Amino acid sequence: MIMFYNTLTRKKEEFKPIEEKIVKMYTCGPTVYDFAHIGNFRAYVFEDLLHRFLEFAGYNVIRVMNITDVDDKTITGAIKNKVSLEEYTETYINAFFEDMECLKLKKATYFPRATQHIPEMVSLIKILLEKGNAYFKDGSVYFRISTFPSYGKLSHYDFNKILTSSTDSDEYEKEEARDFALWKAVKDEPFYWDTEIGRGRPGWHIECSAMSMKYLGETFDIHTGGVDNIFPHHENEIAQSEAATGKKFVNYWLHCAHLLVNGEKMSKSKGNFYTLRDLLKKNYDPAGIRYLLLTTHYRDPLNFTEQSLKQAEKTVNNLNAFYQRVSFGIQTQTSCETNIEKKICKTFENFFDALADDLNISAAMGEIFKFIHDVNESFDLGKMSSKDSEKIISFLDKINEIIAVIEPIKEPLPDEIASLIKKREQARKEKNYAVADSIRNQLSEKGILLEDTPYGTRWIRKQKTT
RNA sequence: GGCCAGGUAGCCAAGCGGCAAGGCAGCGGUCUGCAAAACCGCUAUUCACCGGUUCAAAUCCGGUCCUGGCCUCCA
């Protein structure tokens, strides 16, 4: 049984998709006005875990991640740089995909862009106008919240108590302060679309309603984002979508908590703003970054520090060392029987159950580390057969489908290096340790670490260290 | 002010009524020519604080303090 915490009900609920074996999921993607920062990636890593886990659990995941390529910030950026909106956003769209690959984030099925779905948004707005849920004012179209009584059900805000007074100076255009723009009239700006509802550009929220319904249908299973999206963004999506279709928009809303930097909110003014690229420049390992973002429960605030990043790197390093130790075992060890199969089954079961409980990744990893410890012990006692090793490796490969931080070395050892290792073993036999150590240092510089064991010399690839 | 999270060892982090998982770091030991990795042992009488409920509380209830978020375009 899979349980998720649903923001809508504020409870953990059993997950039941609309269609058996298929999950339709919408994950809020980037606004491409700048490079994404690690706070953004915390959300994307959480979504990646969700995606991978659902596939792991046997679901066919149909996932949409939108690219917001028109909004105030992208427009400002394009004007400032005197380029078209397309040119301006292209850089950041490409960077985003590179970053995703770097963090091993699984690709969504669709990456729709707002600018390519203007007709869909317009027709949705037209429906809302016809139904009386929206109105024109000075060429813009606003959603009339008074026509949607359950407004506030996601954020659980009581609108009788708040928002009685209008704060912004230009709010006079709207009938009510809380009404929000579906379509913004454009007069002097260079970027606009001429449509049946006039010349203008879309409001922020409408793209997600239009695109999610296009690719996933009027009602779908899961919608995710950061907690800061609960209000107003997701609240408004619900209002627009449900007013238009008369149907429930989304069954499960999952939101991840924020990332803090050194216990403080991440902000440009404080200078504690890291992009993924900043960290890579500082020579941090992408797998370590992924591990750190992955292994704090998504609903808990994550305090990002360079110390914890270094710890994460070390852990990833040890996971890789373990993988390689076992791989090496495949080629060398021959004897004995263990009940490794049983242990693998139990570990797998516990790992899966932990994740099925609202993605409890920390508990799931705890199971893996206990397993590793047990296996290491058996190795030290010489109780592992090559058959056992093969089973362990295939188990680790399976786990890695979710955690994706282990990088198995599949390619054979280059001849040049193999012969150096042989040469060194000869030197060691002759107790010529000066030569042996110099070869070891030489290989270390090439990223190959040697480990002498009772069964011979083993090599592993050195992880990036900082 | 309203609403929502969170405060567990040096750091990170599970547990959410029945002897405080796990990771990283540290210390001592085994193995090693030396290493590395691994293994063994040690490292929270206590879970922000104060009360209460209970045979039993880190876990439930009440209050206090601290940190962070949202309250109209920020994941």
Side-chain angles (χ1 to χ4, degrees), chain A residues 7 10 27-31 36-47 68 71-73 152 155-159 161-163 166-168 171 174 177-181 184 203-205 224-233 235-236 255-260 263-267 291-292 295-297 299-305 307-319 321-322 324-325 328 350 354 360-370 372-373 375-381 428 431-433 436-437 440-441 444 449-454 458-460 462:
Chain A
T7 308
R10 289 187 180 168
T27 49
C28 273
T31 302
H37 56 70
I38 49 164
N40 298 319
F41 281 112
R42 203 246 163 133
Y44 305 140
V45 168
F46 146 63
E47 287 156 2
T68 302
D71 80 316
D72 291 352
K73 286 176 186 151
S155 54
H156 301 91
Y157 287 162
D158 183 352
F159 288 91
K161 281 189 187 162
I162 53 176
L163 297 176
S166 162
T167 47
D168 273 292
E171 302 287 23
K174 299 187 252 177
R178 59 183 184 160
D179 289 352
F180 59 90
K184 296 181 174 185
W204 177 31
H205 318 292
T224 69
V227 285
D228 52 346
N229 276 157
I230 295 171
F231 189 87
H233 186 48
E235 196 71 70
N236 290 351
H255 293 97
C256 71
H258 273 113
L259 176 139
L260 306 176
E264 289 186 314
K265 183 188 174 179
M266 187 167 59
S267 71
Y291 186 85
L292 179 61
T295 50
T296 295
H297 185 79
R299 284 193 289 117
D300 285 342
L302 166 57
N303 186 18
F304 181 92
T305 61
Q307 188 191 359
S308 54
L309 183 52
K310 280 172 190 154
Q311 291 177 1
E313 280 186 346
K314 189 70 180 34
T315 307
V316 168
N317 186 59
N318 289 349
L319 285 169
F322 177 74
Q324 291 175 47
R325 179 181 204 193
F328 184 81
N350 293 344
N360 189 342
I361 185 73
S362 311
M365 288 312 294
E367 293 299 325
I368 301 303
F369 288 117
K370 274 182 232 164
I372 289 175
H373 186 270
V375 170
N376 271 327
E377 194 179 9
S378 298
F379 262 109
D380 281 3
L381 295 170
R428 284 186 70 224
K431 299 204 191 294
N432 191 347
Y433 296 121
D437 289 351
R440 186 164 65 193
N441 291 338
S444 171
L449 292 182
L450 298 185
E451 300 179 359
D452 300 320
T453 77
R458 183 168 82 221
W459 65 280
I460 66 168
K462 206 200 289 192

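Here is the naming used below: chain letters follow the sequence lines, and residue numbers restart at 1 for every chain. All figures in this text were calculated on a predicted structure; none of them were measured in a lab.
- Here, B:A5 and B:G63 have their P atoms 15 Å apart, quoted to the whole Å.
- At the heavy-atom level, A:Arg440 lies under 4.0 Å from base atoms of the strands shown.
- In this structure, A:Tyr291 places its OH atom 9 Å from C1' of B:C24, rounding to the nearest Å.
- Residue A:Lys73 places no side-chain atom within donor-acceptor reach of the base of B:C74, judged by atom type and a 3.5 Å distance cut-off alone.
- Rounded to whole Å, the separation between the P atoms of B:C73 and B:U67 comes to 26 Å.
- For B:G10 and B:A25, the C1' atoms lie 8 Å apart once the distance is rounded to whole Å.
- Comparing B:U72, B:G33, B:G69 by their closest approach to the side chain of A:Ala436 singles out B:G33.
- B:G33 has A:Tyr433 stacked on its base ring, the centres lying under 5.5 angstrom apart and the planes within 30 degrees of parallel.
- At a cut-off of 3.5 angstrom, counting only N and O atoms as typed in the model, there is no donor on one side facing an acceptor on the other between the side-chain of A:Arg299 and the base of B:C4.
- One can place CD of A:Gln311 at 16 Å from P of B:G22, the figure rounded to the nearest angstrom.
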task = Report the secondary structure of RNA chain B in dot-bracket form, marking unpaired bases with a dot and bases paired to a different strand with |, and treating Watson-Crick or G-U pairs with both distances under 3.5 Å as paired.
result = (((((((..(((.....[...))).(((((.......))))).....(((((..]....))))))))))))....
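- The distance from the CG atom of A:Leu449 to the CH2 atom of A:Trp459 is 10.5 Å, given to the nearest 0.5 Å.
- Every residue two or more places apart in sequence or in another chain that forms a side-chain contact (heavy atoms from CB on, under 4.5 Å) with A:Asp437 is listed here: A:Arg440.
- For A:Asp452, the salt bridge (Lys or Arg N to Asp or Glu O under 4.0 Å) criterion is met by A:Arg424, A:Arg428, not counting sequence neighbours.
- Using a distance-only test at 3.5 Å, with no hydrogens or angles considered, no donor-acceptor pair links the side chain of A:Thr295 to the main chain of A:Ser362.
- Across the P atoms, B:A37 and B:C50 are found 42 Å apart, a figure rounded to whole Å.
- In this structure, CD of A:Glu264 is placed 7 Å from P of B:G68, rounded to the nearest angstrom.
- Residues passing the side-chain hydrogen bond (donor to acceptor under 3.5 Å, both in side chains) test with A:Asp380 are A:Arg325, sequence neighbours excluded.
- Nucleotide B:G26 holds its C1' atom 13 Å from the CD atom of A:Gln307, rounded to whole Å.
- A:Phe46 meets the ring-ring contact (aromatic ring centres under 6.0 Å, His included) test with A:Tyr298; sequence neighbours excluded.
- Side-chain proximity of A:Asp228 to B:C74, B:C3, B:G69: nearest is B:C74.
- Rounded to an integer number of Å, the gap from A:His233 NE2 to B:C70 P is 15 Å.
- Residues forming a side-chain hydrogen bond (donor to acceptor under 3.5 Å, both in side chains) with A:Glu451 (at least two apart in sequence, or on another chain): A:Arg458.
- Taking the salt bridge (Lys or Arg N to Asp or Glu O under 4.0 Å) definition, one finds that A:Arg42 meets it with nothing, sequence neighbours left out.
- Look at CG on A:Leu260: it is 11 Å from C1' on B:A5, rounded to the nearest Å.
- Along RNA chain B, the nucleotide nearest to A:Pro30 and the one nearest to A:Leu292 differ in position, and the one closer to the 5' end is contacted by A:Leu292.
- Straight-line distance between the C1' atoms of B:G33 and B:G26: roughly 27 Å, to the nearest whole Å.
- Among the protein residues, A:Gly225 comes within range of the sugar-phosphate backbone only, with heavy atoms under 4.0 Å from sugar or phosphate atoms but none that close to a base.
- Atom CZ in A:Phe180 sits about 16 Å away from atom C1' in B:C71, given to the nearest Å.
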request  = Classify every nucleotide of nucleotides 13-21 of chain B by which part a protein heavy atom approaches to under 4.0 Å, writing B for the base, S for the sugar-phosphate alone and - for neither, in 5'-to-3' order.
outcome  = SSS-----B
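- In terms of modelled atom types and a separation under 3.5 Å, the side chain of A:Asn360 and the main chain of A:Ala354 share no donor-acceptor contact.
- The same atom, C1', is picked in B:U8 and in B:U30; the two are 33 Å apart, to the nearest Å.
- Nucleotides B:U59 and B:G6 place their P atoms 14 Å apart, quoted to the nearest Å.
- Legend: residues meeting side-chain hydrogen bond (donor to acceptor under 3.5 Å, both in side chains) with A:Asn350, ordered by chain and number and at least two apart, are A:Glu367.
- A distance of about 9 Å separates the C1' atoms of B:C31 and B:A38, rounded to the whole Å.
- Listed by chain and number, the residues in a ring-ring contact (aromatic ring centres under 6.0 Å, His included) with A:His205 are A:Phe180, A:His233 (sequence neighbours excluded).
- Residues A:Ser308 and A:Leu292 have side chains in contact (heavy-atom distance under 4.5 Å, counting atoms from C-beta outward).
- Taking A:Asn432 as the reference, nothing meets the side-chain hydrogen bond (donor to acceptor under 3.5 Å, both in side chains) condition, with sequence neighbours excluded.
- The nearest whole Å value for the distance from the CG atom in A:Leu259 to the C1' atom in B:A5 is 15 Å.
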request  = Heavy atoms under 4.0 Å is the rule here; annotate nucleotides 36-43 of chain B 5' to 3' with B where the base is hit, S where only the sugar-phosphate is, and - elsewhere.
outcome  = BSBSS---
